[in-house]
Student: 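Just passing along the structure, written as structure tokens.
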Amino acid sequence: MSGVLNLLFSFNLGIMKDMELPKAYIPKEYEDKIYKKWENSGYCNPDNLETRGQARSFTISMPPPNATGVLHIGHTLGMTIQDIMTRYHRMRGDKTLLLPGTDHAAIATQNVVEKMLRKEGTSRHRLGRKKFLELTENYVEKNKSTINNQTKKMGASCDWSREAYTLSDKLSRVVSMQFKQMYDDDLIYRGTRIVNWCPRCCSTLADDEVEYKEQSAKLYTFKYSNDFPLAIATTRPETKLGDTAVAVNPHDKRYQKYIGKTYQVDFVGVPLKLKIIAENEVNPEFGTGAAGVTPAHSFADSLMAEKNNLAVKKVIGQDGKILAGFGKYSNLKTKEAREKIVEELENDGLLESQNDIKNNLSICYRCHTEIEPLPSLQWFVAVNKEFTLKNPALIKKYGKKETTLKEISLWAVKSGEIKIIPEYFAKTYFHWMENLRDWCISRQLWFGHRIPVYYRKQAISNFQFPISKQIQNSIPDRIGDKIQNSMDDIYVGVTPKKGGGWVQDEDTLDTWFSSALWTWSTLLEKKNFEKFNDLKEWLKNSPDIKKFHPTSVMETMHDILFFWVARMIIMTLYSLNEVPFKTVYLHGMVCDKHGKKMSKSHPETCIEPIEMSQKYGTDALRLSMVLGNAAGNSLRLSEQKIAGFRNFTNKLWNIGRFIQMKIKDIKDIGDIKDIQLETLADKWIISKLNSLIREVADDLENFRFGLAGEKLYDFTWHEFADWYVEIAKIQNNKNTYLLITNYYLLLLKLLHPFAPFVTEKIWEYFGSGDLLIIEKWPEADEKKITDQAEQDFKLIKELISAIRSWRKEKAVQPKEIIKIKVAGREELIKNQKEVINRLGRVETEEVKNIDKGDLEIGGVKIKFGNL
RNA sequence: GCUCACAUAGCUCAGUUGGUUAGAGCGUUGCGUUCACAUCGCAGAGGUCCCUGGUUCAAGUCCAGGUGUGAGCACCA
């Protein structure tokens, strides 16, 4: 009996006698106070629990919410899962850290602030960079505290002493160091590439910031000129001013004779030099089977241009207008130029046809302006360039020293160094990683990490924001060349270059650049961090890195697998030569009950976490996030579901009330060792409970949170409360109540990760005097798991159900005397006579063995399976 | 176009490496206040596990094909 009953030693009857549990659990009266208790205890900081001999470490870096607004229900889902893992591991005695923080979210935040300015009739340009940034920081500061308060409301047991912010001085320093190191290793370069350019925002956009809108367009089929043999088809004739080739499929018999030839043509008054090239990508079925190649304004064409060493001719400028040098078309908007060109082709008899087609238009996700792909001078991370690994441990596992960011990042997941849950997302990851292009990391924004690059003054005349016209004219002829910087002098470094004509790059970094470092930038030593100029030195002097990195689990929504998760893998493998986390757990999207995404633009579909927490309690909200859901799946949520779990927390509470009431009558606890487990029900419940302990731990270790929660829910309500508590009333003796108390306390522990508030509150009445949050996680006693007891009791349950059903059907009055005839097991049934009588509300007089038929109650034969 | 996931009760979904009679919550029908709980209890109704074929002693689970739904990526000149 010892394992489970040891609890009784710390069991304090005195507390219980003085305070009585109120009739119903009212979460909002307790939750804030309980969170304060956890905070004040210091238990969420693993440093304070070091005496517990922690062997394993368990770390989660919480995905930092954008500092733009308030938490939504999606955050609640993530935080709940993270906190379940955290509380479980903390109770297991692991060195456990849940690290909170916020993300400056450059583009999103700047966008929100700019919108506010617009409302006030001003703009960031009118305010100036310094003023604008001050304003934005104030705004962020306000949001950060809202977010932190809401995180607390959700019960996240994170270590606030380690709270981080991506744009803090400390993390900004890390970002600069990372940039410099990568620059020195030739993994960051400045070059001219085709980028997604929004003419309205005057900024580059990342590939994932581009949205697509289906539209109907006109597909024009025409010849460039009369002396050119092929007709081409395009929806954008104006870009054809920049064509330098025509591509055909190498297997297309119609055009094979032209391949390799070069033609000089006069296209609507503009001279073009066109080479006929062969490309497998060209679909002979589409249009005429010949495609005009515009290297400067199409991603696909720029690749062809690179392969075939074609000239790049820019047609459209950053303002979305045709550049100078194109005669009457210059300075026209693209649409105007298109119309004019089509008209001219028609007049010249070159236009063969125009057909309506549907195609996808790329638009800016912020302002929905049409994106212009155009070449621009930007900073990039080279994903295919070789670099040398330094960490012997990684080299040993990986098998060689030389690698590229793409290769090593693919390897990390393929080799199992990083495990993705659910597994099928690994395929998505591979697909994305294999097709990854160099990552454009510069943004023409103000809010963010300023690029730590400084140029000499005399060179600056060539480089000002917005990128000047002069630059446009200095586009090199070949895409993909690493530009030889036209600046006289360039300096990349952590400490600013001041004076001497040095001026810093105007641009900022993609927000994902800083969040890619999140798992370890947050763990770097905070004290006197300014003294570190070198990342290696800083890492070496950061004890938290040794203790907590690689982190254990990255828990986040699957939509940022690429933008964030993949980039953490890339950047961390590079700078630390280790993985950022061992497991990636991806949750799905929270939808309304109709399966629609909850969106801010439709407030009626949104379920607000704080409102739900107030109404039903955070525990109910948390349970509704986890139970009935599995990794990766979207979660349909309704208020009704949350209300259902509120009922559960109340049930749990009321079991406590019952126990409290009963235990009060017991004056003398006596010696625990004397407690005997005698009845079938006793043996059954302890067997069940130990199975439960084993299964819940197994589920939690294997990230099956929904299953673990459902088992706990089911056991608590439908085994413990519905059966064992009812039988305890029958057995009605001290031993039973002491046992039931112990089992209840065990249950509180098992439920604590899922429903931390109600369990902690009940623990106040029943517990050891210390907080439940650090109680030891129960271990299953395998010896107590007995199939026989479970089978036998299952039979009794079924028999009682059969009797109840029979009583109902026959409208039998309580206490009626019945005869039960069974085929076998009559001894067992005789032994359980009292339980059967009380729970079945009958009086059994006779239990007889019969030869035929399964079961007969009161002369009625009943279908019965398990005898 | 490419890739992936999903399809189980009226609704929302669980179902781990194939293994007793396929489960839960909500809803629904009937009964019920026995002193923890009506935020409760008891009982009931409700399923061709999308279709077809295959592997197996055994398939909701594995394989192939089909149908439907959703998602991600690419984007076509």
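The chains referred to below are lettered A, B, ... by the order of the sequence lines, with proteins before strands, and numbering in each begins at 1.
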Student: Rounding to an integer number of angstrom, what distance separates C13(B) and G1(B) when you compare their P atoms?
Tutor: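 Roughly 28 Å separates the two P atoms.
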Student: Write down the distance separating the C1' atoms in G15(B) and G25(B), rounded off to the nearest Å.
Tutor: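 Straight-line distance between the two C1' atoms is 15 Å.
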Student: For the side chain of Lys808(A), starting at C-beta, report the closest nucleotide among C42(B), C26(B), A5(B).
Tutor: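 Shortest atom-to-atom distance from the side chain points to C42(B).
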Student: Report the distance from atom CZ of Arg838(A) to atom C1' of C35(B), rounded to the nearest whole Å.
Tutor: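 To the nearest whole Å, that distance equals 12 Å.
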Student: Which part of the nucleic acid does Lys597(A) contact within heavy-atom distance under 4.0 Å: base, sugar-phosphate only, or nothing?
Tutor: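 Result for Lys597(A) = nothing.
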Student: Rounding to an integer number of angstrom, what distance separates A7(B) and U12(B) when you compare their P atoms?
Tutor: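 Going atom to atom, P in each nucleotide, I get 13 Å.
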Student: Does any nucleotide pair with C49(B) by Watson-Crick or G-U wobble geometry, both distances under 3.5 Å, and what is it?
Tutor: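 With both distances under 3.5 Å required, C49(B) matches none.
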Student: Check this for me: Glu423(A), atom CD, are more than 12 non-hydrogen atoms of other residues, nucleotides or ligands nearer than 6.0 Å?
Tutor: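 No, because the 6.0 Å sphere around CD of Glu423(A) holds 12 heavy atoms or fewer from other groups.
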Student: At under 4.0 Å between heavy atoms, what does Gly706(A) touch on the DNA or RNA strands: base, sugar-phosphate, or nothing?
Tutor: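 Contact class for Gly706(A): none.
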Student: Is any side-chain N or O of Asn629(A) closer than 4.0 Å to OP1 or OP2 of U12(B)?
Tutor: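 No, Asn629(A) has no side-chain N/O under 4.0 Å of OP1/OP2 on U12(B).
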Student: Quote, to the nearest angstrom, the C1' distance that separates A58(B) from A36(B).
Tutor: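 The answer is 46 Å between these two C1' atoms.
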Student: Between C6(B) and U17(B), how many Å separate the two P atoms, rounded to a whole number?
Tutor: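 These two P atoms come out 13 Å apart once rounded.
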Student: Return no unless some side-chain N or O of His718(A) is found under 4.0 Å from OP1 or OP2 of C40(B).
Tutor: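 Result: no.
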Student: Could you work out which one of C73(B), G41(B), U20(B) sits closest to the side chain of His431(A)?
Tutor: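 In terms of side-chain proximity for His431(A), the closest of C73(B), G41(B), U20(B) is C73(B).
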Student: Is Lys419(A) atom NZ crowded by more than 12 heavy atoms from other residues, nucleotides or ligands, each under 6.0 Å away?
Tutor: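 Counting other residues, nucleotides and ligands, NZ of Lys419(A) stays at 12 neighbours or fewer.
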Student: Which nucleotide wins on minimum distance to the side chain of Asn647(A), given the candidates C35(B), U39(B), A14(B)?
Tutor: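 It is U39(B).
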Student: Taking atom C1' in both A22(B) and U8(B), what distance in whole Å separates the two?
Tutor: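 The same atom, C1', in both gives a distance of 8 Å.
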Student: Among A36(B), C40(B), C26(B), which is the nearest nucleotide to the side chain of Trp717(A)?
Tutor: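 Closest nucleotide to the Trp717(A) side chain: C40(B).
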Student: Hey, does Lys335(A) have a side-chain heavy atom less than 4.5 Å from the side chain of Glu370(A)?
Tutor: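 When only atoms from C-beta onward are counted, Lys335(A) and Glu370(A) do touch, with a gap below 4.5 Å.
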Student: Above 12 or not: heavy atoms from other molecules or residues under 6.0 Å from NZ of Lys313(A)?
Tutor: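 Yes, NZ of Lys313(A) has more than 12 neighbouring heavy atoms, counting only those of other groups under 6.0 Å.
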Student: Identify the nucleotide, in any strand shown, that forms a Watson-Crick or G-U wobble pair with G70(B), with both distances under 3.5 Å; if there is none, say none.
Tutor: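 Base partner found: C4(B).
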Student: For the side chain of Ser805(A), starting at C-beta, report the closest nucleotide among A43(B), A14(B), G41(B).
Tutor: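 Out of A43(B), A14(B), G41(B), the nucleotide with an atom closest to Ser805(A)'s side chain is A43(B).
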Student: From the list C75(B), C73(B), U16(B), which nucleotide is the closest neighbour of the side chain of Leu707(A)?
Tutor: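 The closest nucleotide is U16(B).
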Student: Should we count CD of Glu352(A) as having more than 12 external heavy atoms under 6.0 Å?
Tutor: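 Atom CD in Glu352(A) is packed in, count exceeds 12.
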Student: 5'-most contact on RNA chain B: Ala300(A) or Asp699(A), nearest heavy atom basis?
Tutor: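 Looking at RNA chain B, the more 5' nearest nucleotide goes with Asp699(A).
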Student: Consider only side-chain N and O atoms of Asp243(A) and Thr294(A), and report whether a donor and an acceptor are under 3.5 Å apart.
Tutor: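 Distance-only check passes for Asp243(A) and Thr294(A).
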Student: Name the nucleic acid region contacted by Val282(A), choosing base, sugar-phosphate or nothing; use a 4.0 angstrom heavy-atom cut-off, strictly under.
Tutor: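 The answer is base, as Val282(A) lies within the cut-off (heavy atoms under 4.0 Å) of a base atom.
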Student: Looking for any heavy atom pair under 4.0 Å, which part of the strands does Phe562(A) touch: base, sugar-phosphate only, or nothing?
Tutor: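 The residue Phe562(A) makes sugar-phosphate contact but no base contact.
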Student: Does either side chain, that of Glu764(A) or that of Tyr30(A), offer a donor lying less than 3.5 Å from an acceptor on the other one?
Tutor: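 Not at all, the side chains of Glu764(A) and Tyr30(A) share no donor-acceptor pair under 3.5 Å.
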Student: Ignoring hydrogens, what is the shortest heavy-atom contact between Val282(A) and Gly289(A)? Give both atom names and the distance.
Tutor: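 Looking at all heavy atoms of both residues, the closest pair is CG1-O, 3.5 Å.
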Student: Applying the side chain to side chain contact (heavy atoms under 4.5 Å, CB included) criterion to Tyr224(A), which one of Val246(A), Leu345(A), Leu230(A) satisfies it?
Tutor: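 For Tyr224(A), the side chain to side chain contact (heavy atoms under 4.5 Å, CB included) check succeeds only for Val246(A).
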Student: Heavy atoms only, 4.0 Å cut-off, all strands: where does Ser801(A) land among base, sugar-phosphate and nothing?
Tutor: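 If one applies the 4.0 Å heavy-atom cut-off, Ser801(A) turns out to touch the sugar-phosphate alone, with no base involved.
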Student: Has the side chain of Lys651(A) got a donor or acceptor atom sitting under 3.5 Å from an opposite partner on the base of C37(B)?
Tutor: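 In this structure, the two groups form a donor-acceptor pair.
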Student: Is Glu726(A) touching bases, backbone alone, or none of the nucleic acid, heavy atoms closer than 4.0 Å?
Tutor: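 If one applies the 4.0 Å heavy-atom cut-off, Glu726(A) turns out to touch a base.
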Student: Please check the phosphate of C13(B) (OP1 and OP2 only) for any side-chain N or O of Arg636(A) closer than 4.0 Å.
Tutor: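 Yes, such a contact exists.
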Student: Given that both distances must come in under 3.5 Å, which nucleotide forms a Watson-Crick or G-U wobble pair with A59(B)?
Tutor: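 When the pairing criteria are applied, nothing turns out to pair with A59(B), so the answer is none.
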Student: Determine the contact category for Gly644(A): base if any of its heavy atoms lies under 4.0 Å from a base atom, sugar-phosphate if only primed atoms, P, OP1 or OP2 are that close, otherwise nothing.
Tutor: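 It contacts nothing in the nucleic acid.
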Student: U61(B) and G54(B): how far apart are their C1' atoms, nearest whole angstrom?
Tutor: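 Here U61(B) and G54(B) have their C1' atoms 15 Å from each other.
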Student: What does Arg804(A) touch in the nucleic acid at a heavy-atom separation under 4.0 angstrom: a base, only the sugar-phosphate, or nothing?
Tutor: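 Arg804(A): backbone/sugar contact only, no base atoms under 4.0 Å.
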Student: Which value, in whole Å, describes the distance between the P atoms of nucleotides A38(B) and C26(B)?
Tutor: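 Each nucleotide's P atom is 16 Å from the other's.
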Student: Tell me: CE of Met661(A) to C1' of C37(B), nearest whole Å?
Tutor: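 The answer, rounded to whole Å, is 11 Å.
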Student: Given that Leu637(A) and Asp714(A) both sit by RNA chain B, which one's nearest nucleotide is further toward the 5' end?
Tutor: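 Result: Leu637(A).
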Student: Which one is paired to G18(B), where only Watson-Crick or G-U wobble pairs with both distances under 3.5 angstrom count?
Tutor: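 Answer to the pairing question: none, since G18(B) forms no Watson-Crick or G-U pair.
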Student: Give me the one residue out of Val312(A), Ile194(A), Thr239(A), Val293(A) that meets side chain to side chain contact (heavy atoms under 4.5 Å, CB included) with Asp301(A).
Tutor: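 Going through Val312(A), Ile194(A), Thr239(A), Val293(A) one by one, the side chain to side chain contact (heavy atoms under 4.5 Å, CB included) with Asp301(A) is satisfied by Val293(A) alone.
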Student: Could you check which nucleotide pairs with A36(B) in any of the strands shown, counting Watson-Crick or G-U wobble with both distances under 3.5 Å?
Tutor: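 Per the H-bond distance test, none.
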Student: Can you tell which of A36(B), C75(B), C42(B) lies closest to the side chain of Arg437(A)?
Tutor: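 Side chain of Arg437(A) sits closest to C75(B).
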Student: So which nucleotide does C76(B) pair with, by the Watson-Crick or G-U wobble rule with both distances under 3.5 Å?
Tutor: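 The base-pairing partner of C76(B), which may sit in any strand shown, does not exist here.
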Student: If I take atom CZ in residue Arg236(A) and atom P in nucleotide C75(B), what distance separates them, rounded to the nearest angstrom?
Tutor: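 From Arg236(A) CZ to C75(B) P: 15 Å.
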Student: Taking the side chain of Glu710(A) as heavy atoms from C-beta outward, which of U16(B), A36(B), A14(B) is closest to it?
Tutor: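 Among U16(B), A36(B), A14(B), the one nearest the side chain of Glu710(A) is A14(B).
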Student: With both distances under 3.5 Å as the test, what is the Watson-Crick or G-U wobble partner of A43(B)?
Tutor: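 Answer to the pairing question: U29(B), which forms a Watson-Crick or G-U pair with A43(B).
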Student: Among U39(B), A14(B), C4(B), which nucleotide has an atom closest to any side-chain atom of Arg646(A)?
Tutor: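 Of all the options, the side chain of Arg646(A) is nearest to U39(B).
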Student: If I take atom CE in residue Met589(A) and atom C1' in nucleotide G70(B), what distance separates them, rounded to the nearest angstrom?
Tutor: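 Interatomic distance, CE of Met589(A) to C1' of G70(B): 9 Å.
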Student: When the distance from CZ of Phe430(A) to P of C4(B) is rounded to whole Å, what number comes out?
Tutor: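 So the two atoms are 13 Å apart, to the nearest Å.
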Student: Nearest of C26(B), G41(B), A36(B) to any side-chain atom of Arg657(A)?
Tutor: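 Shortest atom-to-atom distance from the side chain points to A36(B).
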Student: Please work out if Thr235(A) contacts a base, only the sugar-phosphate, or nothing of the nucleic acid, heavy-atom cut-off 4.0 Å.
Tutor: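 If one applies the 4.0 Å heavy-atom cut-off, Thr235(A) turns out to touch the sugar-phosphate alone, with no base involved.
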Student: With a non-hydrogen cut-off below 4.0 angstrom, is Phe648(A) in contact with a base, only sugar-phosphate, or nothing?
Tutor: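 Result for Phe648(A) = nothing.
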Student: So what does Asn702(A) touch, heavy atoms closer than 4.0 Å: a base, only the sugar-phosphate, or nothing?
Tutor: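 It contacts nothing in the nucleic acid.
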Student: State the pairing partner of C13(B); accept Watson-Crick or G-U wobble contacts with both distances under 3.5 Å, and report none otherwise.
Tutor: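 Checking every strand shown, C13(B) finds its partner in G23(B), with both distances under 3.5 Å.
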Student: Would you kindly check whether a donor in the side chain of Lys641(A) faces an acceptor in the base of C26(B), or vice versa, at under 3.5 angstrom?
Tutor: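 Side chain to base: no pair below 3.5 Å.
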Student: Using atom CD1 of Ile655(A) as one end and atom C1' of G41(B) as the other, report the distance to the nearest whole Å.
Tutor: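 Rounding to the nearest Å, CD1 of Ile655(A) and C1' of G41(B) are 14 Å apart.
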Student: Using a heavy-atom cut-off of 4.0 Å across all strands, would you classify Ala721(A) as base, sugar-phosphate, or nothing?
Tutor: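 Result for Ala721(A) = base.
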